[in-house]
Student: 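Just dropping this structure here.
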Amino acid sequence: MRLSRYFLPTLREDPSEAETVSHKLLLRAGMIRKVASGVYNFLPLGLKALKNIENIVRQEMNRAGALEVLLPLVQPAELWLETGRWNAYGKELLRFKDRKEHDFCLGPTHEEVITDLVRRDVKSYRQLPLILYQIAPKFRDEIRPRFGLMRAREFIMKDAYSFDADYEGLDKSYQLMYETYNRIFSACGLKFKAVRAHTGAIGGDVSHEFMVLAETGEDTIAVCPKCGFAENVEIAPAISSEVYEPEPYRPIEKVYTPNVRSAKDVADYLGLPLKKITKTLIYIVEEKEPVAICVRGDHEVNEVKLEKVLGGKPFRMATEEEVLKIVGAHPGFIGPKGLKMKVIVDRSLVNFPNFVIGANKDEYHYVNANLNDTFVPDLVADVRKAVEGDLCPECGELLTFMKGIEVGHIFKLGTKYSEPMKATFLDKDGTEKPFIMGCYGIGVSRVLSATIEQNHDENGIIFPWPIAPFKVGIISFKPDFQEKAEKLYQELSERVDTLIDDRDERPGVKFKDLDLIGVPLQVIYGKSFEETGKVEIKIRRTGERVYLPEEEARTFVLSFGEKQGEESL
RNA sequence: CGGGGCGUAGCUCAGCCUGGGAGAGCGUCGGCUUCGGGAGCCGAGUGUCGGAGGUUCAAAUCCUCUCGCCCCGACCA
């Protein structure tokens with residue numbers, strides 16, 4: 001591509017609307033432009049990168065035997081009524097009426113549509129297993145779209161659905177997709193981790209998330225450096241490495257603690273370590289029964305675990321008013337002693353000597369509380385989030401924590417959709433059975449964001465070779481070199497996406513733009529070519545420069561690409 | 001949904017407190033010079049000051065309403 005004929009509106013300054021690196025760089029590199037909150041245009045450069053990701057995904061899905069389809073963005077309410085999600089799905093589901101006053105929605109996901117498709121035309125176990133996928137826009141009316149493509153309302157997703165005759169088949173399909181996802185993200189040249197995860201609203205019992213590792217990730221994952229254990233902290237068991245030293249028994253004592261509501265305030269006020277101050281949180285289960293949860297001041301309640309402990313019943317945290325009404329004291333002064341409700345304590349309080357609890361009276365706490373002495377809990381359970389210093393539940397090694405961006409999620413659905421939608425087939429034994437389903441998503445446009453979060457420096461994007469919209473950029477500084485640069489451009493263009501900056505711009509501008517848009521290799525016809533006849537090749541990622549005669553430069557570029565391709569597989 | 005902030009040239013932003021001429025830098029267009037890291041000089045164009053209403057002799061500026069965008073939070077006490 002000739003830059004003089006390309007549409008590449010790069011920005012020198014950070015747009016004021018962007019906060020995160022990937023958002024800023026996507027805008028500055030002229031890859032995307034905002035149309036509305038959480039809704040974006042893809043410009044030629046951005047689309048090219050997106051297509052590269054899509055094609056990697058497509059290639060690997062096809063290799064796995066999945067078949068590509070295209071499902072509609074607009075979906076009728078009828079299908080969603082069948083599964084009950086028309087009402088169950090919140091405001092994220094954008095609903096509207098057509099001219100005939102029929103209800104429709106924009107598809108945030110496609111389980112209903114695909115299940116409908118398959119139930120109409122798949123009738124026999126002989127047609128199974130079947131994996132269908134699409135790469136298409138989705139719309140979710142997010143509460144708060146943010147970070148550019150990271151959490152957009154309209155975004156590109158690859159979603160796949162597997163249909164099997166039995167659970168053994170589902171296990172196989174799931175395993176196949178798990179391996180395919182590993183191939184996909186490797187082929188993209190990303191550093192990532194597959195972790196066990198919470199199944200969430202989509203349901204099912206097993207799920208894995210694929211996390212691109214980046215400091216700015218919104219998820220935290222716990223990884224064991226020894227045995228390979230990896231889980232989202234949303235579900236990771238919390239096993240403390242701490243051993244509590246026994247302390248002499250001290251009688252419980254009520255102390256005056258004015259205006260200290262947070263655990264940290266109480267710790268500072270009493271001159272005790274934060275962990276000695278326990279927090280008691282009041283939850284309302286099924287909108288009627290209050291339940292108290294007790295954790296150490298340096299720990300946090302994990303609501304995913306809590307949900308399990310509470311038997312999957314719906315619950316929420318009590319409001320300040322409710323706490324006052326039920327307990328008679330404000331949040332911050334709540335404690336388990338004398339509470340007239342079910343009390344669940346985190347197991348980190350077992351054998352924890354002489355801790356502090358709220359006194360259920362404003363401005364007062366108890367010190368020297370002890371489990372089973374000061375109060376007897378109804379249940380001791382793991383209800384906290386795992387933290388630094390906790391141990392691997394499988395091998396006992398210290399866990400490592402890292403941040404990740406969720407780019408893929410795979411689920412076993414079972415019959416969650418096939419049953420209510422009466423999607424059945426005739427099995428070998430002549431009986432009618434619901435399909436056993438799985439679903440597998442990749443946030444394609446989010447992968448682009450995540451790629452940039454993981455691969456950038458102060459000068460701009462550093463695209464991994466497979467995703468780079470252009471692999472090579474050619475710059476020449478003297479009119480005399482133009483012809484030679486042009487010839488190399490022609491040759492390289494036959495093999496890889498090549499950009500030649502033929503604009504009448506100053507060198508600085510050309511360098512800055514090539515750096516900004518993340519072209520992996522820059523071929524420069526400048527000083528070195530004039531003096532020695534060798535072109536200069538700059539490797540964007542390392543800043544390394546090599547000087548080669550033109551012939552060798554050509555093979556260098558091509559073999560560089562192949563090498564990158566191999567490394568990423 | 002709660003809180004905060006912003007909306008002025010294509011972009012980044014000043015001007016608003018304390019009412020009176022709509023501005024700067026970058027970009028764009030023309031010219032000269034320059035040519036290895038977002039050059040210099042000369043010249044040119046550039047605006048419903050988000051929108052509506054109000055106060056006033058006079059509103060980007062004060063008041064009311066409204067729309068849009070961004071950030072933080074959505075109860076970890």
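Note that the structure is a prediction, hence the values are computed from the model and not measured.
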Student: For Glu530(A) and C35(B), give me the distance from atom CD to atom P, rounded to whole Å.
Tutor: 12 Å
Student: Provide the distance between the two C1' atoms, one in G7(B) and one in C16(B), to the nearest whole Å.
Tutor: 13 Å
Student: Rounded to the nearest Å, what distance is computed from the CD atom of residue Glu19(A) to the P atom of nucleotide G5(B)?
Tutor: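 It works out to 16 Å between those atoms.
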Student: Please confirm whether the shortest side-chain N or O distance from Ser16(A) to OP1 or OP2 of C69(B) is below 4.0 Å.
Tutor: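 No, no such contact exists.
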Student: Could you measure between the two C1' atoms, the one in C17(B) and the one in A59(B), and give it in whole Å?
Tutor: 15 Å
Student: Report the nucleotide, chosen from C70(B), C13(B), G25(B), that has the shortest atom-to-atom distance to any side-chain atom of Glu13(A).
Tutor: G25(B)
Student: Calculate the interatomic distance between Arg316(A) atom CZ and A74(B) atom P; express it in whole Å.
Tutor: 16 Å
Student: Any strand counts, and the cut-off is 3.5 Å on both contacts for Watson-Crick or G-U wobble. Which nucleotide pairs with C35(B)?
Tutor: none
Student: Which part of the nucleic acid does Lys510(A) contact within heavy-atom distance under 4.0 Å: base, sugar-phosphate only, or nothing?
Tutor: nothing
Student: Below 4.0 angstrom, N of the basic side chain to O of the carboxylate: do Lys342(A) and Glu289(A) qualify?
Tutor: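 No, this pair does not count.
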Student: How close or far is atom C1' of A39(B) from atom CD of Glu505(A), stated in whole angstroms?
Tutor: 11 Å
Student: Which whole number of Å gives the distance between the C1' atom of G68(B) and that of C49(B)?
Tutor: 16 Å
Student: On RNA chain B, does the nearest nucleotide to Lys279(A) precede the nearest nucleotide to Lys478(A) from the 5' side, or the other way round? Give the residue.
Tutor: Lys478(A)
Student: Say we look at G31(B) and G21(B): how far apart would their P atoms be, to the nearest angstrom?
Tutor: 37 Å
Student: For Pro9(A), answer base if it contacts any base atom (sugar-phosphate contacts may also be present), sugar-phosphate if it contacts only those atoms, and nothing otherwise; contact means non-hydrogen atoms under 4.0 Å.
Tutor: nothing
Student: The side chain of Arg144(A) lies closest to which of these nucleotides: C72(B), G37(B), C75(B)?
Tutor: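 Among C72(B), G37(B), C75(B), the one nearest the side chain of Arg144(A) is C72(B).
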Student: So does Glu536(A) reach the base of G36(B) with its side chain, donor to acceptor, closer than 3.5 Å?
Tutor: yes
Student: Could you give the CG-to-C1' distance, from Leu514(A) to G36(B), as a whole number of Å?
Tutor: 13 Å
Student: Could you tell me whether Leu516(A) contacts a base, only the sugar-phosphate backbone, or nothing, with contacts defined as non-hydrogen atoms closer than 4.0 Å?
Tutor: base
Student: Taking OP1 and OP2 of C70(B), is either one under 4.0 Å from a side-chain nitrogen or oxygen of Ser37(A)?
Tutor: yes
Student: Measure from the side-chain heavy atoms of Lys512(A) and tell me the nearest of G37(B), C75(B), C76(B).
Tutor: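 The closest nucleotide is G37(B).
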Student: Flag the pair Glu483(A) and Lys487(A) as a salt bridge only when some basic side-chain nitrogen lies within less than 4.0 angstrom of an acidic carboxylate oxygen.
Tutor: no
Student: Out of C72(B), U12(B), C75(B), which nucleotide sits closest to the side chain of Met317(A)?
Tutor: C75(B)
Student: When we call it a touch if two heavy atoms are under 4.0 Å apart, what does Ser528(A) touch: a base, just sugar-phosphate, or nothing?
Tutor: base
Student: Under 4.0 Å, counting only non-hydrogen atoms across every strand here, what does Ile475(A) touch: a base, just sugar-phosphate, or nothing?
Tutor: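 Nothing, no heavy atom under 4.0 Å.
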Student: Going by purine N1 to pyrimidine N3 plus the second Watson-Crick contact, or the G-U wobble pair, all under 3.5 Å, which nucleotide sits opposite C1(B)?
Tutor: G73(B)
Student: For a side-chain contact (heavy atoms from CB on, under 4.5 Å) check, start with the C-alpha distance between Met211(A) and Asn232(A), then their side-chain angles and the critical distance, and finish with the verdict.
Tutor: CA-CA 9 Å; Met211(A) 298 284 191; Asn232(A) 194 310; 3.5 Å; yes
Student: Quick one: look up who C26(B) pairs with, Watson-Crick or G-U, both distances under 3.5 Å, and put none if it's unpaired.
Tutor: G10(B)
Student: Of all the choices, G25(B), C76(B), C69(B), which nucleotide is nearest to the side chain of Glu300(A) once you look at every atom?
Tutor: C76(B)
Student: For Val301(A) and for Phe477(A), find the nucleotide of RNA chain B with the closest heavy atom, then tell me which residue's nucleotide is more 5'.
Tutor: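 Its nearest nucleotide lies further toward 5', so the answer is Phe477(A).
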Student: Counting only side-chain N and O atoms of Arg506(A), is one of them less than 4.0 Å from OP1 or OP2 of A39(B)?
Tutor: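 Indeed, a polar side-chain atom of Arg506(A) lies that close.
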Student: In whole Å, what is the span from the CD atom of Glu303(A) to the P atom of C76(B)?
Tutor: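 Those two atoms, CD and P, are 10 Å apart.
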Student: Could a donor-acceptor pair under 3.5 angstrom be found where the side chain of Arg545(A) meets the base of G37(B)?
Tutor: yes
Student: Can you see whether Phe463(A) has Lys471(A) sitting over its ring - NZ or CZ less than 6.0 Å from the centre and within 45° of the normal?
Tutor: no
Student: Within the structure shown, what part of the strands sits under 4.0 Å from Asn459(A) by heavy-atom distance: base, sugar-phosphate, or nothing?
Tutor: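 No contact.
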Student: Could you give the distance separating U18(B) and U64(B) at their P atoms, to the nearest angstrom?
Tutor: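 That atom pair is separated by 15 Å.
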Student: Using atom CD1 of Ile517(A) as one end and atom P of G37(B) as the other, report the distance to the nearest whole Å.
Tutor: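 Interatomic distance, CD1 of Ile517(A) to P of G37(B): 19 Å.
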Student: Quote, to the nearest angstrom, the P distance that separates G50(B) from A9(B).
Tutor: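 G50(B) and A9(B) have their P atoms separated by 8 Å.
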Student: How would you label the contact of Lys538(A) with the nucleic acid (heavy atoms, under 4.0 Å): base, sugar-phosphate, or nothing?
Tutor: base
Student: Please give, in whole Å, the distance from C76(B) P to Ile334(A) CD1?
Tutor: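 Roughly 13 Å, once rounded to whole Å.
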Student: Answer with base, sugar-phosphate or nothing: what part of the nucleic acid does Arg28(A) contact at a heavy-atom distance below 4.0 Å?
Tutor: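 Base contact - Arg28(A) has a heavy atom under 4.0 Å of at least one base atom.
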Student: Test side-chain contact (heavy atoms from CB on, under 4.5 Å) on Asn302(A) and Val233(A); report intermediate values, then the result.
Tutor: CA-CA 9 Å; Asn302(A) 180 327; Val233(A) 287; 5.8 Å; no
Student: Under 4.0 Å between a Lys/Arg side-chain N and an Asp/Glu carboxylate O for Arg316(A) and Glu322(A)?
Tutor: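 Salt bridge: yes.
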Student: Rounding to an integer number of angstrom, what distance separates G37(B) and G43(B) when you compare their P atoms?
Tutor: 28 Å
Student: Apply the test side-chain contact (heavy atoms from CB on, under 4.5 Å) to residues Leu50(A) and Ser445(A): give CA-CA distance (whole Å), side-chain angles for both, the deciding distance (0.1 Å), then the verdict.
Tutor: CA-CA 7 Å; Leu50(A) 194 70; Ser445(A) 45; 4.1 Å; yes
Student: Quick check for you: to the nearest 0.5 Å, what is the distance between Ile517(A) atom CD1 and Tyr6(A) atom OH?
Tutor: 8.0 Å
Student: Run the ring-ring contact (aromatic ring centres under 6.0 Å, His included) check on Tyr525(A) and Tyr489(A) step by step: do they pass?
Tutor: CA-CA 12 Å; Tyr525(A) 285 81; Tyr489(A) 164 66; over 10 Å; no
Student: Expressed in whole Å, how much space separates the C1' atoms belonging to U8(B) and U12(B)?
Tutor: 12 Å
Student: When we call it a touch if two heavy atoms are under 4.0 Å apart, what does Thr319(A) touch: a base, just sugar-phosphate, or nothing?
Tutor: base
Student: Choosing from G36(B), C71(B), C76(B), which nucleotide comes nearest the side chain of Phe511(A)?
Tutor: G36(B)
Student: Would you mind classifying the nucleic acid contact of Ala263(A) as base, sugar-phosphate or nothing, using non-hydrogen atoms under 4.0 angstrom?
Tutor: sugar-phosphate
Student: Both distances below 3.5 Å, Watson-Crick or wobble geometry, any strand: find the nucleotide opposite C65(B).
Tutor: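 Per the H-bond distance test, G51(B).
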